[in-house]
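What follows is a single structure, written as structure tokens, with notes after it.
We count ligands from 1, going down the list as the structure has it; atoms in each ligand are counted the same way. Values below: every heavy atom of this structure, side chains too, minus hydrogens, waters and symmetry copies.
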Amino acid sequence: MIVLGGLTKEFPGGVRALDGLDLEIADGEFFALLGPSGCGKTTLLRTIAGLETPTSGNIGIGGVDVTSVPPGRRDVAMVFQDYALFPHMDVTANIAYPLRIKKVTRARREAKAAETASLLSLSDLLARRPGQLSGGQQQRVALARAVACHPKVFLFDEPLSNLDARLRLEARTFLKRLQRELAVTTVFVTHDQGEALALADRIAVMSAGRFMQVGTPSEIFRRPANTFTASFIGSTPMNLLPGVAGDGALRVAGAVLPLPAGVSDGPIVYGLRPEYTDLSLSPRDDAFTGKVAVVENLGTAHLVTLESGDHLIQAVVPEGEEPAPGTAAWAVPRPGRALVYRDD
Ligand code: ADP
Ligand code: MG
């Protein structure tokens, strides 16, 4: 449905915001672009929309090369982070605006706006202006405006980031259901890994204009391909510790650990999720020894930070089993859960 070939965007001054991106997004797919601020997410979305011209490479939508097609004729609808609603127009006029541009008659526009508003639970608000709406309602008007013109593609640039935490979760579930019902190919930009994991069929993890990994949420969570993805994904950051492979074992921060199959001798980075790190209060060789530095309450579990020599190691510990700060403890990797990297 969407095909990128060698897509590159350089801004004046030499910033390479997109660096030779190749990607295929399937018809009806919910695809998330995930990465830190400044990695090129908005630039990629704007380039797909036709609001930026690529320096090189091409873009196909629905089997047509649209690289030099103007934005108005790409059949895509974009929802911006700040919603970009017209303050002087009421909800109906805002939702109907793209249809007005497309020269749809007033009667049909208003019928379509009312129908879309009902789908997004906005029927009681049609006569209000954006200034008279809450953040969540404004967000739904922006979505309604995108939905009303029946585009081939939705482009969402962090549409939930201006909502408070609770509303954001509700809006996320709502958005997922809406996308399922409409089955419109969607590219969703976020810097929030939890949002990407929850919403997307597939995720591209971006850094400095490149894709670090493209895969399903479970592939990316279970098998992050590099330390960048490993440190970016997960509600608590992965433990990443330098070590050495040799003599049939891994030596990491004072622990001697089993050598996973296929790892050759040499320096490595050892990756272990805090969720797969257990705490023992009695000594063992196959564990990281240290002292409990910080205990944070996560609600149903605790995040325990162990100071182990020069390193900090975190473990998620079930409620009621958290040790007190200052306690000597051993962090035990759960069998088969460690990841071994060589990329830095
Ligand atoms: P993100 O959305 O992931 O935060 P952006 O796509 O906005 O990142 O920006 C990617 C890079 O391109 C950044 O280094 C940013 O400063 C640069 N950039 C974005 N837009 C422009 C522009 N119009 N002119 C020059 N540099 C830009
Ligand atoms: Mg952005």
Suppose we measure from [atom] to each protein heavy atom; which comes out shortest, and what is that distance?
atom: atom 13 (C) of ligand 1; result: G38 O, 3.7 Å
atom: atom 7 (O) of ligand 1; result: T42 CB, 3.8 Å
atom: atom 9 (O) of ligand 1; result: T43 OG1, 3.8 Å
atom: atom 23 (N) of ligand 1; result: F11 CE2, 3.6 Å

Tell me whether the count of non-hydrogen atoms from other residues, nucleotides or ligands lying under 6.0 Å of [atom1] in [X] goes above 12.
X: D310; atom1: CG; answer: no
X: R223; atom1: CZ; answer: no
X: D164; atom1: CG; answer: yes
X: E24; atom1: CD; answer: no
X: R210; atom1: CZ; answer: no

Heavy-atom distance under 4.5 Å between the side chains of R334 and T277, does that happen here?
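No, side chains not in contact.
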A side-chain contact here means heavy atoms from C-beta on lying under 4.5 Å apart; do T43 and F11 qualify?
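A side-chain contact exists here, since the closest heavy-atom pair is under 4.5 Å.
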Is any N or O atom of E52, backbone or side chain, closer than 3.5 Å to an N or O atom of ligand 1?
no
Close N or O approach (A17, ligand 1; < 3.5 Å):
no
Of the side chain and backbone of P12, name the one, both, or neither that has a heavy atom under 4.0 Å from an atom of ligand 1.
neither
Please state whether the separation between the Mg ion (ligand 2) and some N/O/S atom of S37 is under 2.8 Å?
no
Looking only at heavy atoms of G209, does any of them come nearer than 4.0 Å to an atom of ligand 1?
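Heavy atoms of G209 never come under 4.0 Å of ligand 1.
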Within-shell test, G40 vs ligand 1, heavy atom, strictly < 4.0 Å
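The answer is yes, since G40 has a heavy atom less than 4.0 Å from ligand 1.
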Going by the atom numbers of ligand 1, which of them fall below 4.0 Å from some non-hydrogen atom of P36?
3 (O)
Which of the numbered atoms in ligand 1 are below 4.0 angstrom from a heavy atom of V15?
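Within the 4.0 Å cut-off of V15, ligand 1 contributes 12 (O), 14 (O), 17 (C).
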Quick one: does atom 16 (O) of ligand 1 have a protein heavy atom under 4.0 Å from it?
no
cation_pi(R273, F221) dist<6.0 Å, angle<=45
yes
Is the centre of the Y97 ring less than 6.0 Å from the centre of the F86 ring?
yes
